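The basis for the numbers below is simple: all heavy atoms, side chains too, and nothing from hydrogens, waters or symmetry mates. Remember, predicted model here, so these are calculated numbers, not experimental data.
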Amino acid sequence: MRLKLTFLLSLLMAMPVLSFAQVSEDAVIATVNGENITGHRYYKRMEVLPGIGNMLGGNFVPVAPGYLTMQRLVEEMLLIQLAKSKGLAPTEAEIDAEMVIVQQEQPDSLSQLLALGFNEDDYRYNIILKLSEFKLMTQGITVTDFEVENYYNENQARFNLPKRFDLSIIRVDSAEQKA
């Protein structure tokens, strides 16, 4: 079972300000040209950050980031609880194996998250979440090696690309330019 956490890790790495998530409201979390940004301003902006929302029926609907965050946390918790209730919760061995795979594919992923203020439990939680989702989505689906081989043999055209070439042309107007 192999999951790619590239998108999630990229998203987390793109938000370095998250490392300040537990800062005091009075604390200075950044200084821009000598002017301070306090924890209070940061939290207030997070509550009403403009331009954040969801697409609903093809229309963008602005939603407070705090609401979206709470919605996501509730959805994650429900997903993990559903996996547990169906006996599909990832085992410690599966979690450890997935952590090894992610570390092999993206050797800096854990150290980058740690540098952003996350810890190994946060890293592990994301793996538990993704494995739970994968196990729920694939529950009851079994595919044998024979079925895979048979499908491949019957659909080889989908898996084989014809030989391709790149052609580059440089046009000049005279023999001098050609030289």
Side-chain angles (χ1 to χ4, degrees), residues 1-139 141:
M1 183 172 356
R2 197 170 153 187
L3 297 173
K4 294 207 178 197
L5 298 176
T6 305
F7 174 74
L8 179 62
L9 294 174
S10 298
L11 177 64
L12 290 174
M13 286 181 254
M15 297 185 287
V17 77
L18 287 176
S19 63
F20 300 114
Q22 296 178 358
V23 110
S24 158
E25 285 201 3
D26 297 328
V28 174
I29 61 171
T31 303
V32 180
N33 295 325
E35 294 187 41
N36 295 333
I37 298 173
T38 63
H40 175 77
R41 180 168 288 173
Y42 169 72
Y43 293 132
K44 283 299 173 191
R45 176 54 68 202
M46 286 297 294
E47 289 175 4
V48 293
L49 189 63
I52 302 296
N54 285 327
M55 293 299 290
L56 185 64
N59 296 315
F60 178 77
V61 178
V63 180
Y67 173 79
L68 289 176
T69 302
M70 184 55 70
Q71 181 182 25
R72 176 69 52 89
L73 290 170
V74 169
E75 289 170 357
E76 289 173 0
M77 190 169 287
L78 287 171
L79 187 133
I80 291 170
Q81 289 172 354
L82 180 62
K84 284 179 185 174
S85 73
K86 292 185 172 283
L88 298 172
T91 65
E92 290 300 315
E94 290 171 328
I95 296 165
D96 292 340
E98 187 63 26
M99 287 181 77
V100 168
I101 290 169
V102 172
Q103 281 298 112
Q104 288 171 345
E105 291 178 353
Q106 302 164 357
D108 296 333
S109 59
L110 180 58
S111 61
Q112 289 170 340
L113 286 176
L114 293 174
L116 292 173
F118 293 92
N119 60 39
E120 194 166 332
D121 288 339
D122 299 321
Y123 188 73
R124 192 172 186 79
Y125 171 80
N126 288 330
I127 288 175
I128 291 168
L129 182 63
K130 291 302 173 187
L131 285 173
S132 296
E133 181 178 32
F134 178 80
K135 291 178 88 170
L136 283 166
M137 290 176 67
T138 59
Q139 176 188 12
I141 299 174

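Note that the CE atom of Met77 and the CG atom of Leu79 stand 11.5 Å from one another [nearest 0.5 Å]. Between atom CD1 of residue Ile101 and atom CD1 of residue Ile127 there is a gap of 9.5 Å, rounded to the nearest 0.5 Å. Taking CD1 of Ile128 as the reference point, atom OG1 of Thr91 lies at 10.5 Å (rounded to 0.5 Å). Distance CZ/Arg72 to CG/Leu129: 9.0 Å, rounded to 0.5 Å.
Residues Leu114 and Tyr123 form no side-chain contact, since every pair of their non-hydrogen atoms from C-beta on lies 4.5 Å or further apart. At least one side-chain heavy atom of Met99 sits under 4.5 Å from a side-chain heavy atom of Ile95. The shortest side-chain heavy-atom distance between Glu98 and Val102 falls under the 4.5 Å cut-off. For the pair Asp26/Thr38, no side-chain contact is recorded, criterion being any heavy-atom separation below 4.5 Å from C-beta on. In this structure the side chain of Asp122 never reaches within 4.5 angstrom of the side chain of Leu113, judged on heavy atoms. Using a 4.5 Å cut-off on side-chain heavy atoms (C-beta onward), Glu133 and Lys130 make contact. Proximity of Asp96 to Arg124: side-chain heavy atoms (C-beta onward) are separated by under 4.5 Å at one or more points.
Between Glu94 and Lys135 there is a salt bridge, since a side-chain N of the basic residue sits under 4.0 Å from a carboxylate O of the acidic one.
Residues that satisfy the side-chain hydrogen bond (donor to acceptor under 3.5 Å, both in side chains) test with Lys44, not counting sequence neighbours, are Glu47.
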For residues 54-71, which side-chain N or O atoms pair as donor and acceptor with protein atoms under 3.5 Å away, sequence neighbours left out?
residue : atom : partner : partner atom : Å
Thr69   : OG1  : Pro65   : O            : 2.8

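Heavy-atom minimum distance, Ile80 versus Ser132: CG1-OG, 4.1 Å. The two atoms that bring Thr31 and Asn36 nearest to each other are OG1-OD1, 3.0 Å, heavy atoms only.
The local environment of CD in Glu120 is sparse, with at most 12 non-hydrogen atoms from other residues, nucleotides or ligands closer than 6.0 Å.
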Would you check, one step at a time, whether the test side-chain contact (heavy atoms from CB on, under 4.5 Å) holds for Glu76 with Leu73? CA-CA 5 Å; Glu76 289 173 0; Leu73 290 170; 3.9 Å; yes
